[in-house]
Amino acid sequence: MAIRHALWRFGWEQLRLQTFDFIIVGAGSAGCVLAERLTRSGKYKVALVEAGGSDNRFWIKVPLGYAKTYDDPAVNWCYTAEPDPGLNGRRAFWPRGRVTGGSSSINAMAYLQGLPHDFDDWEAAGAIGWGWRNVLKTYSDLEVKEPDTGSGLTDTDIAGKVYVGKLDARMHPFSKHFLKAIAQAGWIERQDLNGSEREGVMRLNSTVRKGRRWSAADAFLRPALKRATLEVISEALVERVLIKEGRAVGVALRQGSELRNIMA
């Protein structure tokens, strides 16, 4: 045990002395994308710090496990919102992922793009570059859709992509009655609410591939982990950003009882 502890401390000292080009705080959906993009050129050394642990868990990989991860503190921050006057003062439960892949590792895997006019509103309010035209291009770059026919896509085809699967053929037969009722209520059934028409009802698109969850960790982080320029520091909580002469130069993080700084 003494030797193991000494080696563990030596590893931390080596980490403390390391300087990275970029430090990403949080291996959630955004963090996984950043890790993949920043390491793609091979020019930059990147540290990805995650407060949670590995997503290599049965109930994360199996889509049905959403019901398990929904309120599991081992992978979920289990936040609660402030009292809401519109809910008669009740506090809404706000699950957020505390695990590699972040909330994409615990969510319900339903896939729907944001509304075009919302992004245009952002740009009109001053967020230049966030209009729908730019965002649509980003969606196109990030997505890969399940083929209608054929043998499917290879792992190479989908590396660095959000896999958008179709559940039409796998939905419960009772769904047809629900859709019939929807039509009787005056709603239109759409083939794809990510297309030109954004109002109506459709069968679900899902980030599920071959019966397993396809999280941001699967799509972006795992391809990046094949590169020597990425280092993932898991189960490490970032406590503060280190500032020197008005500039962020690193972070202070805690892993277990150990507090260390890493620099960028």
Q: Among K61, K210, K161, which residue satisfies the salt bridge (charged side-chain N to carboxylate O under 4.0 Å, His left out) criterion with D218?
A: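 Result for salt bridge (charged side-chain N to carboxylate O under 4.0 Å, His left out) with D218: K61.
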
Q: Would R40 and E36 pass as an ion pair if we require N to O under 4.0 Å?
A: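 Answer for the salt bridge query: yes.
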
Q: In terms of side-chain geometry, is the basic nitrogen of R190 or E197 positioned less than 4.0 Å from the acidic oxygen of its partner?
A: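 Salt bridge flag = yes for E197 with R190.
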
Q: Looking only at the side chains, is there a donor atom on one of D157 and T154 sitting less than 3.5 Å from an acceptor on the other?
A: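 T154 and D157 do have a side-chain donor-acceptor pair below 3.5 Å.
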
Q: Enumerate donor-acceptor pairs with a distance under 3.5 Å from any side-chain N or O in residues 82-99 to protein atoms, sequence neighbours excluded.
A:
unit_1 : atom_1 : unit_2 : atom_2 : d
D84    : OD1    : G86    : N      : 2.8
R90    : NE     : L87    : O      : 2.9

Q: Output the distance between atom OG1 (T229) and atom CZ (F20), rounded to the nearest 0.5 Å.
A: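 Rounded to the nearest 0.5 Å, the OG1-CZ separation comes to 11.0 Å.
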
Q: If we ignore angles and hydrogens, is there a donor and acceptor under 3.5 Å between the side chains of E143 and Y163?
A: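 No, because no side-chain N or O of E143 sits under 3.5 Å from a partner of the opposite role on Y163.
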
Q: Does D118 form a salt bridge (Lys or Arg N to Asp or Glu O under 4.0 Å) with R198? I'd like the steps, not just the answer.
A: CA-CA 12 Å; D118 284 339; R198 297 286 170 141; over 6 Å; no

Q: Would you call the rings of W132 and Y139 parallel, tilted or perpendicular if under 30° counts as parallel and over 60° as perpendicular?
A: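 Rings of W132 and Y139: tilted, as their planes differ by 30° to 60°.
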
Q: Under 30°, 30 to 60°, or over 60°: which ring-plane class applies to W77 and Y79, parallel, tilted or perpendicular?
A: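 Aromatic pair W77/Y79 classed parallel.
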
Q: Between S105 and T100, is there a donor-acceptor pair closer than 3.5 Å when you use the side chain of the first and the backbone of the second?
A: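 Side chain of S105 to backbone of T100: a pair is present.
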
Q: Above 12 or not: heavy atoms from other molecules or residues under 6.0 Å from CD of E199?
A: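 Atom CD in E199 is not packed in, count stays at 12 or less.
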
Q: Take R260 and Q255, measure what side-chain contact (heavy atoms from CB on, under 4.5 Å) needs, and give me the verdict at the end.
A: CA-CA 8 Å; R260 291 288 185 269; Q255 189 175 44; over 6 Å; no

Q: Does S234 reach the main-chain N or O of G53 with its side chain, forming a donor-acceptor pair under 3.5 Å?
A: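 Flag not set: sc S234 to bb G53 has no pair under 3.5 Å.
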
Q: Are there more than 12 heavy atoms of other residues, nucleotides or ligands under 6.0 Å from atom CG of D141?
A: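 Buried by this count: over 12 neighbours within 6.0 Å.
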
Q: I'd like to know if R203 pairs up with E189 as an ion pair, taking the criterion as any Lys NZ or Arg NE/NH1/NH2 lying under 4.0 Å from an Asp or Glu carboxylate oxygen.
A: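 Salt bridge flag = yes for E189 with R203.
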
Q: Please name the residue in the list L221, I233, L225 that meets the side-chain contact (heavy atoms from CB on, under 4.5 Å) test with L48.
A: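 Only one of L221, I233, L225 forms a side-chain contact (heavy atoms from CB on, under 4.5 Å) with L48, namely L221.
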
Q: Transitively linked via ILVMFWY side-chain contacts under 4.5 Å: L34 with L253?
A: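 Hydrophobic grouping puts L34 apart from L253.
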
Q: Quick check against the 3.5 Å criterion: does S175 have a side-chain atom that pairs as donor or acceptor with the backbone of M171?
A: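 Side chain of S175 to backbone of M171: no pair is present.
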
Q: Do the side chain of S215 and the main chain of G101 share a donor and acceptor less than 3.5 angstrom apart?
A: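 No.
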
Q: Give, for atom CG of L153 and atom NZ of K145, the distance between the pair rounded to the nearest 0.5 Å.
A: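 Rounded to the nearest 0.5 Å, the CG-NZ separation comes out at 12.5 Å.
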
